[in-house]
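Inspection log for the structure reproduced underneath, given as structure tokens.
Nothing here was measured: the structure is a model prediction, and the numbers come from that model.
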Amino acid sequence: MTYVVSVDTRLPAGAAELDALQREGVIFLLRKGLDAIEPVEGPDDVEIEIFDSILAAHPGGVLLKLFVDAPALEVAEDAMREVVGEVLEQAELLSEWQITKCEVELHPEFAQQSLDAADGPDVPPADPVVRAAQHAEARAEATAARLPGEEVEAMRGTVRAMAPRLTAFGLDAFGWCENGEESGVDREHAELAAGALVYAIDLLVDQLFHDVQTLSEAKQSVEECDGLLWYLDDLPAQFAAQYTVLFARRFLVTAVSLTGRLTRDDSVQLGCVAEEFLLNFLLREAGVVLDGYGLLHDGVAAAWEAFTEKVLEGADGELWYEMAEDGGETGATTSEVGSLDVNRWFAPFDAGCFVHPYAADEGA
């Protein structure tokens with residue numbers, strides 16, 4: 001049976017309320033923690049797994065809606081209380097948060113569909129992957145309808161207003177044509193795509209600072225570190241032993257350099273492989289921002305595709321990495337990756353490419 005488990009998590013007593021940036025960060029931290037949790041074992045060795053979730057942050061905490069298949073209400077509730085408790089405990093920044101409510105609801109739409117279709121031609125598919133996809137599609141429509149219209153419109157205005165700050169690129173780089181020629185991208189979607197990149201810069205840089213601090217405190221590489229990392233553990237896993245504190249600092253400085261150039265009037269050419277990774281991370285973060293408000297449309301995706309092609313025109317390095325579609329992990333596209341030294345990720349593609357001196361200095 002499909003259940004929706006509502007879990008209300010709250011800040012510790014006396015803690016300051018979350019601002020807008022902190023709310024985005026907490027959502028990301030919780031979602032990453034949920035993705036890392038193994039399925040919970042229920043009665044008769046039945047695995048209870050979250051197949052989708054909706055997270056909504058407010059100044060005092062986060063409300064989670066967890067969609068699970070479970071044999072009984074009580075089992076679903078106990079399992080999700082255990083899961084969320086483990087996520088909070090493992091995330092150092094959330095370890096003192098409290099679960100104030102954990103209630104299980106039978107999703108009426110899914111339940112009625114199951115009853116109507118039982119033993120009939122419309123019986124839900126046995127394949128859990130196909131069934132989850134059907135649930136996700138129906139849920140996406142319902143979620144969009146439930147979002148407060150004023151919040152969506154306020155966020156739409158905020159993001160579009162940020163578009164001019166991406167001064168290195170005009171809206172034409174996102175596929176919009178001022179002269180009215182058919183481009184497939186209208187002005188609104190181009191502005192959302194550009195503005196979301198600017199909005200995501202703070203998130204990217206703040207979270208990389210967190211990664212540097214986590215590795216510094218652990219005095220370990222990513223391979224050995226048990227702390228929760230925002231980005232470094234999404235780099236190719238075969239090099240995890242090389243992701244040291246020094247690497248993390250060079251990666252952070254490269255992020256500051258790249259995002260700074262995006263908000264200047266100069267044209268931007270990616271300078272090294274590390275910047276290619278960072279562009280992917282920035283695009284991913286921008287997608288999370290828009291998706292949370294139901295603003296991630298096909299037009300925005302088309303705008304980002306046009307932008308990526310524009311930025312990559314000058315990036316002709318030996319290797320190109322791109323994000324995998326299933327969860328944000330990064331995979332290499334060439335067979336050379338097995339012997340690659342990560343120091344080469346900071347080597348300029350050519351003499352005309354800019355890489356920050358701190359990052360480019362391999363002897364630092």
> Would V289 and L295 count as a side chain to side chain contact (heavy atoms under 4.5 Å, CB included) if you check the C-alpha gap in whole Å, the side-chain angles of each, and the deciding distance to 0.1 Å?
Replying inline: CA-CA 9 Å; V289 169; L295 297 173; over 6 Å; no
> Are more than 12 heavy atoms from other residues, nucleotides or ligands located less than 6.0 Å from atom CD of E224?
Replying inline: yes
>> Using every non-hydrogen atom in the two residues, find where Q220 and D226 come nearest and quote the distance to one decimal.
In response: OE1-N, 4.4 Å
>> Using a 3.5 Å distance criterion without hydrogens, assess whether the side chain of H297 forms a donor-acceptor pair with backbone atoms of G299.
In response: no
> Where does the angle between the aromatic ring planes of Y243 and W345 fall among parallel (under 30°), tilted (30 to 60°) and perpendicular (over 60°)?
Replying inline: tilted
>> Can you confirm whether V7 sits close enough to L63 that some side-chain heavy atom of one is under 4.5 Å from a side-chain heavy atom of the other?
In response: no
> Can you check whether L283's main-chain N or O pairs, donor with acceptor, with N280's side chain at less than 3.5 Å?
Replying inline: no
> For F169 and V311, what are the C-alpha separation, side-chain angles and deciding distance, and is it a side chain to side chain contact (heavy atoms under 4.5 Å, CB included)?
Replying inline: CA-CA 9 Å; F169 295 95; V311 174; 3.7 Å; yes
> Which distance, rounded to the nearest 0.5 Å, do you find between the CG of D186 and the CG of L171?
Replying inline: 10.5 Å
> Is the closest side-chain heavy-atom distance between L204 and L208 below 4.5 Å?
Replying inline: yes
>> Taking the six-membered ring for Trp, are W304 and F174 closer than 6.0 Å centroid to centroid?
In response: no
>> I'd like to know whether CZ of F209 has more than 12 heavy-atom contacts from other residues, nucleotides or ligands below 6.0 angstrom.
In response: no
> Hey, are the side chains of L296 and V288 touching, using non-hydrogen atoms and a 4.5 Å cut-off?
Replying inline: no
> Can you check whether H189's main-chain N or O pairs, donor with acceptor, with R160's side chain at less than 3.5 Å?
Replying inline: no
>> I'd like to know if the side chain of E86 reaches the main chain of E82, judged simply by a donor and an acceptor atom lying under 3.5 Å from each other, with no hydrogens or angles considered.
In response: no
> Once you round to the nearest 0.5 Å, how far does CG of L55 lie from CD1 of I27?
Replying inline: 4.5 Å
>> Is it the case that the side chain of S221 and the backbone of Q242 share a donor-acceptor pair, with hydrogens and angles ignored and the cut-off at 3.5 Å?
In response: no
>> Which heavy atom of I48 sits nearest to which heavy atom of A70, and what is that distance?
In response: CG2-CB, 4.3 Å
> Has the side chain of S257 got a donor or acceptor atom that lies under 3.5 Å from a matching backbone atom of V253?
Replying inline: no
> Is there side-chain contact between L197 and L262, with at least one heavy-atom pair below 4.5 Å?
Replying inline: no
>> Could you report the tightest heavy-atom contact between A360 and V355, atom names first, then the distance?
In response: CB-CG1, 3.7 Å
> Going only through I, L, V, M, F, W and Y residues with side-chain contacts under 4.5 Å, is there a path from V245 to V205?
Replying inline: yes
> Under 3.5 Å, side chain of D211 to main-chain N/O of W230, donor-acceptor pair present?
Replying inline: yes
>> For G61, is there any backbone N or O sitting under 3.5 Å from a side-chain donor or acceptor partner on T9?
In response: no
>> Does R81 form a salt bridge (charged side-chain N to carboxylate O under 4.0 Å, His left out) with E103? I'd like the steps, not just the answer.
In response: CA-CA 9 Å; R81 183 181 293 274; E103 295 180 350; over 6 Å; no
> Out of E285, R284, H210, which residue meets the side chain to side chain donor-acceptor pair (under 3.5 Å) rule with Y231?
Replying inline: E285
>> If I take atom CG from residue L166 and atom CZ from residue R264, how far apart are they, to the nearest 0.5 angstrom?
In response: 12.5 Å
> In Å and rounded to the nearest 0.5 Å, what is the CG to OG1 distance from L279 to T308?
Replying inline: 5.5 Å
>> Is any side-chain heavy atom of C102 closer than 4.5 Å to one of V84?
In response: no
> Do you know which of K101, K65, E77 makes side chain to side chain donor-acceptor pair (under 3.5 Å) with S6?
Replying inline: K65
> How far apart are the C-alpha atoms of R249 and S216, what are their side-chain angles, what is the distance that settles it, and do they pass the side chain to side chain contact (heavy atoms under 4.5 Å, CB included) test?
Replying inline: CA-CA 10 Å; R249 289 172 179 163; S216 297; 4.2 Å; yes
>> Would L34 and L64 count as a side chain to side chain contact (heavy atoms under 4.5 Å, CB included) here? Give the steps.
In response: CA-CA 11 Å; L34 288 172; L64 300 90; 4.0 Å; yes
>> Using 0.5 Å steps for rounding, measure from the CG atom of L258 to the CD atom of E276.
In response: 10.5 Å
> Any idea which heavy atoms bring G25 and Q207 closest together, and the distance?
Replying inline: CA-NE2, 4.3 Å
> Closest heavy-atom contact between C272 and A347?
Replying inline: CB-O, 3.5 Å
>> Counting C-beta onward and ignoring hydrogens, is there a side-chain heavy-atom pair between F349 and V273 closer than 4.5 Å?
In response: yes
> Taking atom types as modelled and ignoring hydrogens, do the side chains of R250 and T254 form a donor-acceptor contact shorter than 3.5 angstrom?
Replying inline: no
> Would K32 and D233 satisfy salt bridge (charged side-chain N to carboxylate O under 4.0 Å, His left out), going step by step from the backbone distance to the final call?
Replying inline: CA-CA 11 Å; K32 193 160 189 175; D233 59 354; 3.1 Å; yes
> Using the ring of each side chain (for Trp, its six-membered ring), is F277 parallel, tilted or perpendicular to F281, with breaks at 30° and 60°?
Replying inline: parallel
> Does E96 pair with R10 as a salt bridge, N-O distance under 4.0 Å?
Replying inline: no
>> Does E217 have more than 12 heavy atoms from other residues, nucleotides or ligands lying within 6.0 Å of its CD?
In response: yes
>> Tell me every residue that passes side chain to side chain contact (heavy atoms under 4.5 Å, CB included) with D19, counting only those two or more places apart in sequence or in another chain.
In response: L21, Q22
> Do Q269 and C353 have side-chain heavy atoms sitting under 4.5 Å apart?
Replying inline: yes
>> Show the nearest heavy-atom pair for residues V212 and A248, with the distance to one decimal.
In response: CG2-O, 3.6 Å
>> Any non-hydrogen side-chain atom of V159 less than 4.5 Å from a side-chain atom of Y293?
In response: no
> When the aromatic ring centroids of F247 and F346 are compared, is their separation below 6.0 Å?
Replying inline: yes
> Should F354 and L282 be regarded as members of a common hydrophobic cluster, given that ILVMFWY residues are connected when their side-chain heavy atoms come within less than 4.5 Å of each other, either directly or indirectly?
Replying inline: no
>> Measuring from atom CD1 of I99 to atom CE of M80, what distance do you get when rounded to the nearest 0.5 angstrom?
In response: 11.0 Å
